[in-house]
Amino acid sequence: MKVNQFPDRRIKIDNEEFLYFGGTAYLGLPTNKAFQELVIQNILRWGTAYGSSRSANIELTAYENGELFLAKYIKAEAALTVSSGMLAGKLALEVLARQTDCFFHFPNTHTALKVASSLPFFVEKELNPRLLNSVSEKITILTDSVPSFHTKLIDLSVLNSIPSNKEITLLVDESHSLGILGTNGCGMYSDILFPNIKRKIMIASLGKALGLTGGVVASDTDFISKISKLDTFVSSAGMNPAFVQTIADAEEIYSQQHQKLKVNLQYIDKQLNKNKLILFHENYPLIYPSIEGLKEILLTNKIIATNFKYPTGNTNLNRIVITANHTKEDLDTIIRILNAPQL
């Protein structure tokens with residue numbers, strides 16, 4: 001399906017209008033008028049792009065402003081913006097490769113955290129035996145904050161089972177939790193408090209909930225300093241400075257939209273009939289229905305949700321995305337369909 005404008009809560013296809021429950025604009029920011037105005041004003045100040053290195057003799061204060069806000073928002077010592085979440089992951093891994101003896105990854109970890117030599121964290125649903133052996137080594141554990149096809153944060157309590165002879169660094173991709181989960185949408189970084197973790201790092205795409213093309217790495221000051229000195233970072237153009245400044249300026253809008261999203265999710269939680277065919281949690285804006293023929297049922301009711309063939313499955317995946325912009329009437333429509341007796 002091809003469209004000629006941004007798909008918000010409504011989408012027009014071949015001059016026919018549908019309700020839209022897809023995408024990743026969880027806070028509804030790309031079409032938010034106040035947010036757009038901030039972006040426009042910052043483009044007028046900072047231009048449409050800035051192709052120079054972040055290490056050049058001219059330093060734009062937009063980067064400092066946005067990164068200080070992100071560090072405070074995430075509750076990390078420091079943060080660094082880059083042009084994408086994918087690059088954020090690759091930069092973090094480039095530093096970690098120099099100080100890690102062995103990488104381990106949770107199931108279905110995003111490609112941004114892919115390491116060719118990484119070992120699976122679980123082997124036949126048990127901890128990888130190498131995590132439990134007596135060898136003293138530095139390990140890095142890679143995971144998404146919310147795994148694919150889940151609606152809750154990853155359970156990291158299993159890390160307590162790893163013996164103290166393993167020096168643990170944890171790298172979490174928060175692309176689908178930053179702006180959504182945690183206090184005011186701060187994500188899970190500040191709540192990772194396991195005593196056996198020496199260092200924690202988060203990376204995220206800012207183009208999901210926060211509505212701006214770019215990425216962020218957040219961690220302790222020493223780690224962020226190491227990233228800023230990488231040849232890859234020094235030789236790359238930064239994130240659009242107008243977008244980085246907008247992050248610093250949009251705190252109130254982020255808070256308002258986050259609250260609207262919470263209200264929508266609480267409403268769904270009260271109205272949706274709970275059953276084993278529908279995976280939903282009141283704190284997370286995704287619904288995974290396992291209902292045969294749902295795509296066609298939704299289309300009949302003039303609704304479009306995310307639908308695609310997942311590589312490891314035999315059937316199409318249906319994912320209903322709730323945003324801060326959906327109205328009560330929109331929610332009633334999707335709830336009515338999901339609550340229908342025939343389903």
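Only a predicted model underlies this, so the values are computations on that prediction, with no experimental measurement involved. Index from 1, following the sequence.
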Are the side chain of N65 and the backbone of T61 linked by a donor-acceptor contact shorter than 3.5 Å?
yes
In terms of side-chain heavy atoms, does T333 have a donor or acceptor partner in D330 at a distance below 3.5 Å?
no
For a quick test of your reading: what N or O donor-acceptor pairs under 3.5 Å do the side chains of residues 91-99 make, sequence neighbours left out?
residue, atom, partner, partner atom, Å
E94, OE1, T232, OG1, 2.9
E94, OE2, T232, OG1, 3.4
Q99, OE1, R199, NH1, 3.2

Evaluate the ring planes of Y254 and Y73, with Trp represented by its six-membered ring, and classify them as parallel (under 30°), tilted (30 to 60°) or perpendicular (over 60°).
parallel
May I ask you to test the L265-P285 pair for a side-chain heavy-atom distance under 4.5 Å?
yes
State which residues pass ring pair (Phe, Tyr, Trp, His ring centres under 6.0 Å) with Y284; sequence neighbours excluded, sorted by chain then number.
none
Note: with side-chain heavy atoms under 4.5 Å as the link, the other cluster members for L44 come out as I40
Should the pair F121 and F106 be assigned to parallel (<30°), tilted (30 to 60°) or perpendicular (>60°) ring geometry?
parallel
Non-neighbouring partners of K2 that pass salt bridge (charged side-chain N to carboxylate O under 4.0 Å, His left out), sequence neighbours left out
none
Validation row: F35, T246 side chains within 4.5 angstrom (heavy atoms)
yes
Can you find a heavy atom in the side chain of K138 that is under 4.5 Å from one in the side chain of T169?
no
Is it true that K72 and E251 have a side-chain N and a carboxylate O under 4.0 angstrom from each other?
no
Enumerate, atom names and distances included, each donor-acceptor pair closer than 3.5 Å involving a side-chain atom of residues 179-198, sequence neighbours excluded.
residue, atom, partner, partner atom, Å
Y189, OH, K200, O, 3.4
N196, ND2, L159, O, 2.7
K198, NZ, E167, OE2, 3.3

D332 meets the salt bridge (charged side-chain N to carboxylate O under 4.0 Å, His left out) criterion, sequence neighbours left out, with K328
